[in-house]
Amino acid sequence: MDTQSAKKTLLLVSVGNKARTIKSTLKKNAANLFLINESRSLSSALEFLEKNPCHIILLDMNLKDSPGLESLKVVYDKYPQLPVIVVLDDSEQIDYMELIVNGAQECLPMAEFKDENIVKYIHSAIKRKEMEINTINLKDEYEGIKVLLSELKKRNEELTKMDQLKTNFISIVSHELRTPLTYIKEGISQVLEGLHGEINEDQREFLSISLEGVDRLKEIVNNLLDISKIEAGRIQLRKSFMDINEVVTRVVNDFQTVYRKKGIVLDLDLPGTPLNTYIDREKIIQVITNLLSNAYKFTERGKVTVKVEDKPGYVLLSVRDTGVGITEENLNKVFDKFVQVGRTDGPGIKGTGLGLGIARGLVEQHRGKMWAESESGRGSVFFFSIPYLDSLQVVQEVIRDSIIDADLHKSEFVILLVKIENIDYLEPDVFQLGTDTVLNSIEDIVRNVLRRGTDQIYRLSRDESIIILPDTKWEGALSLRHRFTEKTRAYLGELENDYRIKVNIDLGMSGFPRDSDKSDILLEKARANRKDLYLGDERRHASRLPVDMIIIGANNDGEKKEFKTINISLGGVCFISRKYISLPEHNEIEICLPEEYGNIRVKTVISWTEKLEDLDEYQIGLKFMDLGDKERDKLFRFIELSNRKA
């Protein structure tokens, strides 16, 4: 690198002994950092600055052609981007603030120019000027960005409003068209069937064409309604587990005849095993039908292959054709609304350009993805994937769909959650029955209590089931809960009498919109609000988390004490004491949870006390008496997350 070009240019504007002293100091301490230029007057300095780049100016206030503050004002007015260090005689009495206000970056007495510190001052002045300029530029850019963002926000609001108006218009018009279309179709059909008198062949042909037009118009109206529902997030899915191979096979078989007449081979490639997926059968049929209809329209010869593949975490379906293909430019627009691509001008079946957009929307409602690959003249392949869902994801989907349905109909619904609380202790004891049998029996009790076809029961895990009660108010659910509680307690009593098994059942509730409008929060609330239905010995009723925390309580004398816990559950807490302590029968304690959860206060009662063998220590169990919803929620979150981490 050229060391000369790496140096910064410094202009010294001074005369006499002052100039000689400064120049000598600079050459001694800064010659390797700066190219030092010298001017003896303001006019020669300005002439130099017009022709040469410069990084900093050292300015004497006693120039012959411009004495005093005027020199600084002129330089700052012409070159505001340059840092200026004003050099002062030791005897000069000048207002520093006035110099700074008029453009000085720094004001230094001559004494500072007699040692190496001058380099530090010069660099500091340059850096501060750079920061000042950057700040001004950033401020200008920020103001510009604010204006731009404001304009973009305004435009976005206008576009959103226009899009909403368009969607509302489409939805309203579509609804209004359906009824008259039904009347028109029925009228034409009756005339065609001769119900209103004989018609000749010309009339029959004309009416048949009209009926086809009505059917086409009805299809357009249905498409418009579908796209408006998808965009509004109000599409209703009726999902269940089924083999997607069977769904695909049915659609392909329906298309075989029409494909055969056109001379196109329609192949089906399926895996050898069933692929159970959680889907809305009719909506997936609609998606596959759309893809096969498009392949049929744009393929004149060759074949179309429908393939289903089992992928890790999802099922992949593809429809590959040997048709005209889609250009790269049009491929990006193929799923846009009211856009048709890959079609030449002339006669033929014209579409609305909504089919692929609707198909992708329906796939996305299944948490899937849809995309296309194509090359003009070489055919196209359309893909879509549907993820496999576990039981928890399915329940969250059901709750989400219930929220959409309830919001649409301005109704309410309630979630009941049934859990075998002591399953880890219970598992070895129920080998004669199996915990699955116990939960099946509990679910049967639920069905007998509910007796409504719309109520839904889902198994979340080996110890947990969830019941969704659509169009149910909170008060009505409380009544159902009471009946369920009575019947469940009777069943648990029978288990205890017949098999000597103590099964602890918890029942939780949450409601929409009472508790939340989010599926995961509603499920969490139902879990956090669980209350036991068990009537017998409560010890070890709730699954406990081994944990080392502090609880604060008071003894009979009112003295506050701190104890370390051994374990904790939603039912109570166990702690250890080095000596036997006397506690009130009822005691309020404070549990010091980690900071992100917050402490909780709860009233307790002594459940048991036990001396540890060979140790002078005692374990004491406290049972919670009035754990409120908020406190229970905090404790539930802490226990659940800690168990997951473990």
Side-chain angles (χ1 to χ4, degrees), residues 233 236 239 389-421 423 439 442-443 445-447 449-450 452 454-461 463-488 504-534 541-543 569-571 597-598 600 602 624 626-641 643-644:
Q236 288 183 272
K239 293 184 179 180
L389 302 183
D390 59 31
S391 56
L392 177 59
Q393 290 172 318
V394 169
V395 166
Q396 289 177 333
E397 285 264 335
V398 173
I399 297 174
R400 190 199 67 172
D401 292 341
S402 298
I403 290 171
I404 293 173
D405 188 61
D407 188 48
L408 183 64
H409 296 96
K410 306 302 179 188
S411 61
E412 302 175 21
F413 72 87
V414 174
I415 293 172
L416 299 180
L417 188 135
V418 180
K419 183 178 178 64
I420 302 177
E421 189 63 51
I423 192 166
L439 200 51
I442 300 294
E443 289 176 355
I445 293 172
V446 173
R447 291 186 183 92
V449 169
L450 300 178
R452 292 195 311 178
T454 55
D455 299 322
Q456 304 170 71
I457 302 177
Y458 296 89
R459 181 72 58 86
L460 277 171
S461 62
D463 62 347
E464 197 172 43
S465 292
I466 189 166
I467 303 101
I468 300 176
L469 310 175
D471 198 19
T472 301
K473 295 184 179 297
W474 187 258
E475 296 75 15
L478 290 175
S479 175
L480 289 171
R481 175 191 175 123
H482 178 70
R483 298 205 305 274
F484 169 70
T485 298
E486 288 184 340
K487 291 182 179 295
T488 303
N504 300 325
I505 300 293
D506 273 5
L507 182 64
M509 285 177 59
S510 65
F512 170 86
R514 180 180 186 271
D515 292 307
S516 177
D517 60 355
K518 301 288 189 301
S519 60
D520 54 343
I521 295 178
L522 282 170
L523 188 56
E524 256 187 43
K525 286 280 188 181
R527 282 177 169 154
N529 294 335
R530 294 200 315 268
K531 293 183 180 178
D532 63 272
L533 305 180
Y534 183 58
H541 160 65
S543 47
S569 74
L570 293 177
Y597 300 97
I600 63 175
V602 58
F624 299 145
D626 63 345
L627 191 61
D629 289 346
K630 290 184 179 179
E631 288 75 13
R632 187 182 183 90
D633 190 36
K634 287 182 187 178
L635 192 54
F636 170 77
R637 287 171 180 269
F638 168 67
I639 293 174
E640 282 291 306
L641 290 176
N643 278 325
R644 288 176 193 170

Looking only at non-hydrogen atoms, find the nearest pair between S461 and R459 and report the distance.
O-CD, 3.0 Å
May I ask you to test the L522-I403 pair for a side-chain heavy-atom distance under 4.5 Å?
yes
Once side-chain contact (heavy atoms from CB on, under 4.5 Å) is applied, do any residues pair with S391, and if so which ones, sequence neighbours excluded?
none
Close side-chain approach of Y597 and L635, heavy atoms under 4.5 Å
no
In Å and rounded to the nearest 0.5 Å, what is the CZ to CD1 distance from R447 to I457?
4.0 Å
Considering non-hydrogen atoms only, spot the tightest contact between Q456 and V398 and give its length.
OE1-CG1, 3.8 Å
Take V394 and K239 through the test side chain to side chain contact (heavy atoms under 4.5 Å, CB included) and record every step on the way to the result.
CA-CA 9 Å; V394 169; K239 293 184 179 180; over 6 Å; no
CA sep, side-chain torsions, deciding dist, call: F484, I442, side chain to side chain contact (heavy atoms under 4.5 Å, CB included):
CA-CA 9 Å; F484 169 70; I442 300 294; 3.8 Å; yes
Please confirm whether the backbone N or O of E524 pairs with a side-chain atom of R527, one donor and one acceptor, at under 3.5 Å?
no
How many angstroms lie between atom CG of D520 and atom CG of L392, to the nearest 0.5 angstrom?
9.5 Å
Spacing of K525 atom NZ and M509 atom CE [to the nearest 0.5 Å]:
13.5 Å
Has the side chain of S402 got a donor or acceptor atom that lies under 3.5 Å from a matching backbone atom of R400?
no
Quick one: CG on D407 to CZ on F512, what's the gap to the nearest 0.5 Å?
5.0 Å
Are the side chains of V414 and L480 in contact, using a 4.5 Å heavy-atom criterion?
no
Taking the side chain as everything from C-beta on, heavy atoms only, tell me whether I420 gets closer than 4.5 Å to I505.
yes
Kindly indicate whether the side chain of V446, heavy atoms from C-beta on, has any atom under 4.5 Å from the side chain of D455.
no
Can you name the nearest heavy-atom pair linking D471 to S411, along with the distance?
OD1-CB, 3.7 Å
State, yes or no, whether a side-chain contact exists between L460 and L417 at a heavy-atom distance under 4.5 Å.
yes
Taking atom CD1 of I600 and atom CZ of F638, what is their separation to the nearest 0.5 Å?
10.0 Å
So do the side chains of E631 and V602 get within less than 4.5 Å of each other, counting heavy atoms only?
no
Taking every heavy atom of Y458 against every heavy atom of I468, the minimum-distance pair comes out as CE1-CD1, 4.5 Å
If every non-hydrogen atom of A526 is compared with every non-hydrogen atom of I415, which pair is closest and at what distance?
CB-CG2, 4.1 Å
For D506 and R530, the nearest pair of non-hydrogen atoms, with its separation, is OD2-NE, 3.5 Å
So, taking the atom named CD1 in I445 and the one named OG1 in T485, what distance separates them when rounded to the nearest 0.5 Å?
10.5 Å
Evaluate the side-chain proximity of W474 to D515: yes if any heavy-atom separation is below 4.5 Å, no if none is.
yes
